[in-house]
Each structure stands twice: as structure tokens, then as C-alpha cells.
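Below you'll find the structure, written out as C-alpha cells, and then a few comments.
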Amino acid sequence: MEDGNDSPQFPFPYQPYTIQEDFMKALYGTLEQGKVGIFESPTGTGKSLSLICGALSWLRDYEERRIRETAALLQREETALPTSTNSSSTVSSQTSSAEPDWITDFVQKKEERDLVSKLKEDEIKRQKREERLQLIRNNVQLKYAGKRKSCEEDEAFKLLQLSKQGPTEATGDPEEEELIIADYESDDESKTKSKFYAGEDDDDADLVEEHVTKIYYCSRTHSQLAQFVHEVQKSPFSKDISLVTLGSRQNLCINKEVLSLGSTQRINDRCMEMQKNKHEKQQHQEEGAKRKRGPAKSVCPYVGATSLQHLRDEVLGAVHDIEHLLTLGKKNHACPYYASRLAIPPAQLVVLPYQMVLHEGTRRASGIQLKGQVLIIDEAHNLSDTLSCIHSTELTGAQLCRAHSQLTQYQERYKSRLKAKNLMYIKQIVFVLEGFVRVLGGTVRQNPQRQTTQPGAVMLTINNFLFKAQIDNINMFKLQKYFEKSMISRKLSGFVEKYAGTGVTVHSTHTPSPAPSSTKENRRTEGLGRYLQTLQSNQSSTVPPADQQGSLEAEKVVSASPMMQVEGFLMALTNSNTDGRVVVNTQGTLSESSIKFLLLNPAVYFAQVLKECRAVIVAGGTMQPVSDFKQELLFSAGVGEERITEFSCGHVIPPENILPLVLCSGPSGQELEFTYQNRDAPRMMDETGRVLSNLCNVVPGGVVCFFPSYEYSRRITAHWETSGVLARLSSKKKIFQEPKKASQVEQVLSEFSRCIQRCAVDGSGLSGALLFSVVGGKMSEGINFSDELGRCIVMVGMPYPNIKSPELQEKMSYLDKHLPHTGGRSPGQSLIENLCMKAVNQSIGRAIRHRGDYAAVVLCDKRYSRPATLSKLPSWIRAQVRTHTAFGPAFASLRKFFMDKRKQQQA
């Protein structure tokens with residue numbers, strides 16, 4: 001057997017840096033030993049390529065070793081099998097009074113034979129997969145594809161026409177069976193089990209495969225995932241690897257009718273409904289039964305088994321990003337969403353967003369199996385916050401009242417057709433919703449927009465919240481199981497969508513108008529309409545005319561049932577009492593008030609991932625401070641120190657290409673300490689202006705100045721405008737501001753870049769551009785200020801989070817209670833400092849993006865000079881930091897730094 005510690009070979013598209021070789025060796029060893037690795041590699045050091053080549057080299061060696069071991073084992077067993085078979089048959093002819101040793105021997109022999117059979121079966125499957133992939137990669141058309149293509153196109157066209165038929169085109173009573181909850185038995189988990197795969201019936205069994213050993217790679221955004229896929233395409237593994245990129249229906253749907261619904265929830269519901277219609281249609285065809293009269297049920301034309309198979313094969317045959325996947329889907333007339341999920345089992349590399357892996361329900365629904373697999377989480381510096389956000393949930397008073405109103409209408413309409421068990425659970429949900437609204441100081445029977453509440457925020461434990469809502473006698477675990485098995489959220493959503501405008505109200509804030517009684521259906525809803533009028537007699541009849549235009553856009557989103565969010569909140573309440581809190585936030589009106597579940601212990605969810613995976617790699621440009629990351633997410637999840645490996649590399653740039661300075665005072669000698677008490681003082685704002693003016697005199701190209709918050713950015717620039725500082729700065733560099741809307745970021749960056757390029761060639765009085773940005777804002781992560789765009793990064797003050805936030809105070813209290821105190825500081829105090837320095841590290845990492853880049857980093861606040869604070873900077877920056885108590889020497893070193901660089905370029 002090959003030793004994993006031997007020097008493995010790493011194919012690479014070019015001669016790797018030494019730190020890349022070290023990175024790949026450390027990664028290979030971590031995967032081989034099945035450990036949890038924390039990998040830190042600054043942007044510009046080729047981290048993605050190191051991850052790809054290191055991990056895929058391990059996967060290649062692992063598979064080759066497994067094939068060799070299987071072959072050797074089969075060969076050995078086949079030679080020994082005849083003897084064992086004979087001995088077994090001889091023994092089996094003995095009397096039943098045989099010795100227990102014989103029974104043990106027989107069982108062992110049977111287990112050996114079963115193992116050999118399983119190995120043979122697995123080997124045959126593996127060979128078939130390999131042959132199939134070779135056919136796909138060589139562009140050899142599979143027989144069925146060419147033969148059935150024309151038939152399939154005809155069928156797809158008919159289905160497309162069918163899907164366009166609206167319910168109003170049919171006559172007769174509409175079918176309502178899909179809206180009725182099936183007879184519910186709480187201990188029967190199989191009755192309502194839904195199938196994930198589109199077309200997963202008897203005919204489609206060949207679509208489902210066993211999962212091969214694979215690597216799951218996840219990152220924060222789709223653009224980061226696309227960038228990673230492009231790196232795979234450039235790597236030496238691009239021709240041999242089977243890769244699939246996953247996304248949500250919103251990202252991958254090609255059905256225009258479904259996409260036009262807008263909100264994620266409505267797209268998901270519509271898609272699921274279409275799959276259900278497809279199964280019913282196939283069932284009727286098989287049974288030869290005629291469909292009942294009623295509206296034609298639309299079926300998605302993109303989920304034919306053959307077309308999905310063909311698209312899956314194309315996905316596996318070459319490396320595609322998500323954009324190309326959509327193009328292939330349209331070309332093949334097949335759904336990229338379902339085809340990509342069908343490609344998961346045979347794929348060796350699965351690329352997907354954080355949420356799909358870190359949330360158990362999404363994992364299950366997506367067909368992701370982590371057991372024995374490798375998981376790589378990139379851009380993991382905010383992993384703890386990401387886990388907390390994914391599992392935290394919020395409900396507004398408006399949503400609660402709407403959910404209550406809709407569920408009450410549903411219950412009233414179908415009470416004669418619902419079984420007693422269903423009615424009992426529905427009444428429990430209604431009771432729970434009333435309790436939630438009661439906690440907010442309101443009632444469900446009045447317009448939430450007209451109910452006033454006293455503004456304030458209260459933090460409660462889960463048990464105290466249940467007690468205050470007077471629902472502590474409800475079994476939340478049983479209620480959660482009922483939601484899951486009965487699919488009531490989806491039924492209610494379908495009910496609201498079908499009957500909105502016919503006496504059933506979408507909002508609890510509208511009084512339903514009885515529908516015209518010209519049709520049988522409308523007559524059936526009149527009684528319900530009258531009932532609702534009494535239920536909501538105090539509500540306004542219409543939206544005020546002035547608000548109608550503004551509410552049209554919101555209407556699309558809120559018209560669906562909010563019961564999905566209620567379900568998520570109830571699930572959160574099943575957490576341990578110590579692991580979460582409920583924030584009751586009242587905001588003047590019941591409609592705007594909210595209840596929010598806050599997860600305090602993300603380790604409880606990460607533990608599931610760590611337990612299932614063979615190995616987990618968390619990687620980032622900077623993972624500092626690592627100690628707290630380990631304490632909060634790994635040790636708390638039960639991972640021992642012996643299972644954790646750490647790797648941190650320096651930067652590929654020469655040390656002389658970065659100049660990090662700590663400024664303790666400004667040009668006039670004013671001490672720089674931007675505490676909450678000092679930072680608004682005019683003298684402090686004026687001194688900051690003088691610092692920037694001096695920097696702009698000597699720094700070429702772009703300067704990016706980060707402020708601790710949007711509010712402080714607004715205040716200091718307003719002061720500078722009055723005092724004339726902005727005018728002075730504008731005479732040296734053109735000023736840009738970070739936009740409030742994310743959609744405007746690209747435009748501002750483009751103009752910022754063009755201005756710097758223009759200044760470099762036209763010889764005008766301006767030396768470049770100055771960009772005012774915010775720590776933790778739209779430009780502090782994921783944006784490149786490489787080369788001339790970011791020759792100097794300025795940090796004004798220290799971006800500590802809002803210590804008065806009830807959520808943050810509760811988190812600090814939780815950590816102080818459950819984590820050990822280290823270095824004379826409490827875990828709560830460490831959290832505040834770590835959140836601040838994480839944000840700083842992300843912002844200053846925007847400038848150095850490749851080996852030949854250079855930049856200065858100016859930290860304006862004397863508190864940065866504290867050893868404990870400096871220790872939380874990335875090692876490659878920390879080693880070069882110079883602290884200056886006076887401005888003069890700092891400015892001299894800065895001027896010399898840029899003069900030297902200019903001379904090097906001219907030489």
C-alpha cells in the first residue's frame with residue numbers, strides 16, 4: 001500500500017511557487033489522514049489552484065490505490081474460495097447438533113463471500129462508469145439519444161403548449177385534491193415521503209446512481225464559484241475530472257413561466273407542483289384512466305427523463321460553469337437544476353454555495369451525501385457568522401397575521417374534508433400563531449398596520465419565550481414533524497394562489513370582497529367571504545390609492561403564504577434552550593414588529609458536517625484569529641486537537657513590496673484614537689483630513705480610505721465639505737464614494753479605474769483617485785484594488801461592532817459562560833476584538849493581489865500598536881509593520897517607499 005506521507009506528484013500548469021508546493025503537500029497529508037485542516041493563504045498566492053491540484057492529486061491517488069487493493073483482494077479471495085465453499089457444504093450436511101464454532105465459521109465464510117460479491121459488483125459498476133465517461137468525452141453519441149431526439153422534441157412541444165394553458169381555459173369544477181392534506185399519522189414516516197428526483201419512477205431508476213468518492217467545494221458567492229471553475233478549466237485535471245456546479249432553482253431554471261414568478265418560494269412551489277403533475281399524468285397514462293374534468297395541469301417541458309440524462313452526460317463530460325450549464329440546458333431542452341442533481345453521484349468534484357452544504361434540510365433536498373467525502377470550505381473567515389445566519393430566522397407581525405388569516409380560511413373551507421388528526425394540528429398551529437402575535441402585544445383579529453406597540457427589544461431564552469407566548473404546552477417536535485410530513489406550507493401556498501381574488505384574501509390587512517356569483521366556484525366561496533368579513537371587520541377595505549403603485553412590486557413577493565417562514569421559526573425553537581435566544585423587537589406598529597431566533601452555538605450544526613465527512617478543509621486569505629475559530633467551531637463540536645492541522649503561508653510578494661504603518665498621531669501632533677467619545681470631535685476630523693491630504697501628495701494612482709461605519713463616513717465627509725478639506729483633496733485626486741446600492745458598485749469601480757488610467761497618461765494636475773469606503777461594506781470583500789487601483793489602503797479608526805446590540809451582548813454572555821478564559825481576557829471581549837480585526841484584515845487584503853504588486857497600508861489609530869492587536873494581523877503583514885508615534889518619520893518612509901518604486905519602474 002502506498003504511504004500517504006511519500007512525496008506525491010502534483011501536476012501544475014506552471015512552475016509552482018514554493019509556498020504553493022508546501023500548501024499542496026500539507027493539504028494532501030490532511031486529506032490522507034482524514035483530519036480537519038485550517039489553511040491560510042493570502043490572495044494573490046494562487047490559493048484556488050493549490051486547492052485544486054492538491055485535492056485532485058489526492059483523489060487520483062486514492063482511487064488508483066483502491067482499484068489496486070480491490071484487484072489484489074479479489075485475486076486472493078478467488079484462489080481461496082473453492083476450499084471455503086467445499087468446507088461450508090461439508091459442514092452444512094452435518095446434524096443440527098453441531099458445535100457453536102461451526103456456526104461462527106459458517107457465518108464468517110458467508111460474510112467473506114458477500115464481501116467478494118460486493119467488491120465484484122462495485123468493480124463492474126466502476127468500469128461501466130469509466131466506459132460511459134470515455135464515450136461522453138469522445139463525443140460518441142449514446143444510442144438512445146439520437147434515436148429518440150425527434151420524438152422527444154415533439155413531445156416537449158406538446159408539453160410546452162399544455163403548460164401555457166391557464167386554469168381559466170377549462171370548464172367544470174377544478175380539482176382540489178392536491179390542496180387537501182393526506183390522512184396524517186404522526187408515527188408513520190413513509191406515507192408522505194416525497195421523491196427528490198424529477199421523473200424518479202420505475203422507468204427512471206437508471207437515473208439514480210451510487211455516490212463515488214468526491215470532493216465538495218463551496219464558497220460564498222456564485223461569482224467566486226465561477227472563478228474556481230475557470231481555475232479548474234486551466235488546471236492539468238480539466239480533461240479527466242467530472243465536475244458539476246449546483247445552484248438554486250432561481251439560478252438554474254430555464255422555464256420562463258416559472259422564472260417570471262419572481263420570489264424564490266413561489267418558483268420552488270411552482271416547480272414542485274409541475275413535477276407532481278408530471279407523475280400524475282404518467283400514472284393516468286399507465287392505468288389508462290381518464291383525467292377528471294377540470295383545468296389542464298401544466299407540466300414542465302424540460303424534465304423528460306431522456307433529455308435530463310443527456311444533459312447530465314454533457315455536464316459530466318467536460319468542465320462547465322453555471323452560465324454554460326444554462327446554455328446547455330436550453331440547447332438540450334432539459335432542466336439544468338435537475339440534471340445537475342442527477343450528476344452529483346458520479347461527479348468527482350461538486351461546486352456549490354455555502355448554504356447548500358451547511359444547512360441539513362437543503363443538503364438532504366439537494367441529494368448531497370457527505371458520508372466519507374471531502375469538504376472544502378473556501379472564503380471561510382466568516383464561517384461562524386454564516387452558520388449562525390443560516391440557522392437564525394425572523395418573523396414580522398404582518399407575516400404572522402397573514403399566516404393566521406390564510407390558515408383560518410383554509411381550515412374553514414376544508415373542515416368537512418380534513419381528518420380529525422389534521423384539524424387538531426391545524427388548530428395547534430393557529431393557537432401558536434396567536435401566541436406569537438400576543439408576545440408582540442397585538443391581536444390577530446385586527447389590522448397589524450393599525451395596532452401600535454411600545455418600541456423596544458427583549459431577549460428571551462427559548463423556554464421563556466414559549467412560556468410568555470402561552471404555548472409551552474405544545475410539543476414543538478411533533479409540530480415540526482407534522483409540518484415536514486403533511487407539507488402544509490406548500491398546500492397552503494397552493495390554496496392562496498388558487499383562490500386569491502375569489503373570496504380568499506392574500507393579506508390579513510385586506511377585507512375580502514365577495515366574488516360575483518356568476519359561476520358555481522364563486523358561489524361556493526361566498527359563505528367563506530362572509531365569514532372573513534366578520535373575522536376581519538375592523539380592517540380597511542383597500543390599499544390607499546397613493547400606496548397602490550408602490551405595493552405592486554411587493555405584491556408579487558408577499559402574495560405567497562408566509563407559512564414556510566413560520567415553519568422555519570418553529571424548527572429553530574426545537575434547539576436546546578442554551579443554544580439560542582428569541583429577540584422580541586417591537587417597532588411602533590404590530591406590522592413592523594418582529595420575533596427573531598438567534599443561534600448562539602453554530603457548532604451544534606457544524607458538528608453534523610464534521611462527523612459525516614472523511615476530511616474537512618476550511619480555507620481563506622486570512623483565517624486570523626485562528627484560536628477563536630478553533631474554540632467556537634471545532635472544540636465546541638467535539639473535535640480533538642489531534643484531528644486539527646493548521647497551515648499558514650506568507651505572501652509571494654517580496655517583503656519590500658508592502659509598507660504597513662501604524663500612525664499614532666497626525667501632522668499637527670494630534671493623537672489619533674478614534675474611540676466613540678473622540679471620533680466626532682472637530683479636531684479629530686480635521687487631523688484625519690490633514691493625514692489624507694499628505695498621503696495624496698505622495699501616493700500615486702488610487703487611495704482607498706476605509707471608515708468604520710456608513711454613519712461616520714457621512715459625518716466626517718460633511719464636516720470636511722464645510723471646512724474645505726474636501727476641496728483640497730479634490731485638487732489632488734478625484735473623490736469617489738461607495739454607493740448605497742449594490743447594483744451601482746460596478747459603475748463606481750469602473751469610473752474609479754478609468755479616472756486613474758486617464759490621470760496616468762494625460763499629465764493633468766490630478767495624480768489619481770480617492771475612494772471613500774466602509775469596513776464590512778460592499779467594497780471591503782471580494783473587490784480587487786490591484787496595481788494602480790490601490791497603492792495605499794487607509795484605515796480610519798478601529799471598526800468595533802456595536803457593543804449595545806442586544807444580539808451581540810447575548811452572544812458575549814453565552815461565550816463567557818461556555819468557553820474558557822484565555823490570556824486574562826474573557827471570550828466575550830475576545831469576540832469583540834476578533835470581529836474588529838477580521839473586518840480590518842479583509843479590507844487591507846484588497847490591495848496586494850499578485851506577485852508583482854506593491855502597496856502601503858496606513859492604520860490610523862494608536863490602538864493598532866498594542867501587541868495583542870498586532871498579533872491578529874496576517875503574519876505576512878505583521879512582520880513588516882512599523883509603528884510611528886510622530887507623523888514626520890512615517891510620512892518620510894512612505895515618500896521613500898513610492899520614490900523607490902518609481903525609480904525601479906523607470907530603470
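Start at 1 with the first residue, then count along the sequence. Since we're looking at a predicted model, the values are computed, not measured.
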Keeping the roles fixed (side chain from [X], backbone from [Y]), state whether a donor-acceptor pair exists under 3.5 Å.
{"X": "H359", "Y": "Q355", "value": "no"}
{"X": "Q399", "Y": "T396", "value": "yes"}
{"X": "R490", "Y": "S486", "value": "no"}
{"X": "R312", "Y": "A343", "value": "no"}
{"X": "T393", "Y": "G568", "value": "no"}
{"X": "N382", "Y": "D385", "value": "no"}
{"X": "E567", "Y": "M563", "value": "no"}
{"X": "Y216", "Y": "Q369", "value": "yes"}
{"X": "S493", "Y": "S489", "value": "no"}

Are [X] and [Y] side-chain neighbours, meaning at least one heavy-atom pair lies under 4.5 Å?
{"X": "V351", "Y": "L246", "value": "no"}
{"X": "I429", "Y": "V432", "value": "no"}
{"X": "P353", "Y": "H222", "value": "yes"}
{"X": "L610", "Y": "L375", "value": "no"}
{"X": "T408", "Y": "Q406", "value": "no"}
{"X": "I322", "Y": "L225", "value": "no"}
{"X": "Y425", "Y": "K478", "value": "yes"}
{"X": "M476", "Y": "Q480", "value": "no"}

Quick one: are the ring centres of F436 and F569 less than 6.0 Å apart?
yes
Can a donor-acceptor pair be found between the side chains of [X] and [Y] at a distance below 3.5 Å?
{"X": "S405", "Y": "Q409", "answer": "yes"}
{"X": "Y605", "Y": "D579", "answer": "no"}
{"X": "R249", "Y": "Y338", "answer": "yes"}
{"X": "Y414", "Y": "N422", "answer": "no"}
{"X": "S591", "Y": "T589", "answer": "no"}

Are E360 and R364 close enough, and set up right, to give a side-chain contact (heavy atoms from CB on, under 4.5 Å), and what steps lead you there?
CA-CA 6 Å; E360 188 187 6; R364 200 166 54 238; 3.9 Å; yes
Find the distance between [atom1] ([X]) and [atom2] ([Y]) and round it off to the nearest 0.5 Å.
{"X": "E807", "Y": "S392", "atom1": "CD", "atom2": "OG", "answer": "9.0 Å"}
{"X": "L400", "Y": "R438", "atom1": "CG", "atom2": "CZ", "answer": "12.0 Å"}
{"X": "M564", "Y": "I488", "atom1": "CE", "atom2": "CD1", "answer": "11.0 Å"}
{"X": "F431", "Y": "Q428", "atom1": "CZ", "atom2": "CD", "answer": "9.0 Å"}
{"X": "K811", "Y": "R581", "atom1": "NZ", "atom2": "CZ", "answer": "11.0 Å"}
{"X": "S248", "Y": "N268", "atom1": "OG", "atom2": "CG", "answer": "7.5 Å"}

side-chain contact (heavy atoms from CB on, under 4.5 Å), that's the test. Do N575 and L599 meet it? Break it down for me.
CA-CA 9 Å; N575 275 279; L599 180 68; 4.1 Å; yes
What's the shortest heavy-atom distance between [X] and [Y], and which atoms?
{"X": "S594", "Y": "E394", "value": "OG-OE2, 2.8 Å"}
{"X": "L433", "Y": "V444", "value": "O-CG1, 4.4 Å"}
{"X": "S340", "Y": "L252", "value": "OG-CD1, 3.9 Å"}
{"X": "V437", "Y": "L590", "value": "CG1-CD2, 3.9 Å"}
{"X": "G588", "Y": "P455", "value": "N-CG, 4.1 Å"}
{"X": "G329", "Y": "P336", "value": "CA-CG, 4.0 Å"}

Against the six-membered ring of Y337, is R341 placed for a cation-pi contact (under 6.0 Å from the centre, within 45° of the normal)?
yes
Decide side-chain contact (heavy atoms from CB on, under 4.5 Å) for T574 and L479; before the verdict, give the C-alpha distance in whole Å, the side-chain angles of both, and the deciding distance to 0.1 Å.
CA-CA 10 Å; T574 61; L479 207 56; over 6 Å; no
Only counting residues at least two apart or in another chain, list the ones meeting side chain to side chain donor-acceptor pair (under 3.5 Å) with E612.
none
According to side chain to side chain donor-acceptor pair (under 3.5 Å), who are the partners of S593, at least two apart in sequence or on a separate chain?
T453
Is it true that E257 and R270 make a salt bridge, defined as a side-chain N closer than 4.0 Å to a carboxylate O?
yes
Would you call the rings of F495 and Y410 parallel, tilted or perpendicular, taking 30° and 60° as the class edges?
perpendicular
Determine, stepwise, if the pair T578 / L600 fulfils side-chain contact (heavy atoms from CB on, under 4.5 Å).
CA-CA 8 Å; T578 56; L600 297 176; over 6 Å; no
Acceptor/donor pairs from residues 457-473 side chains to any protein atom, 3.5 angstrom cut, sequence neighbours excluded:
| residue | atom | partner | partner atom | Å |
| --- | --- | --- | --- | --- |
| T461 | OG1 | N464 | N | 3.1 |
| T461 | OG1 | N464 | ND2 | 3.3 |

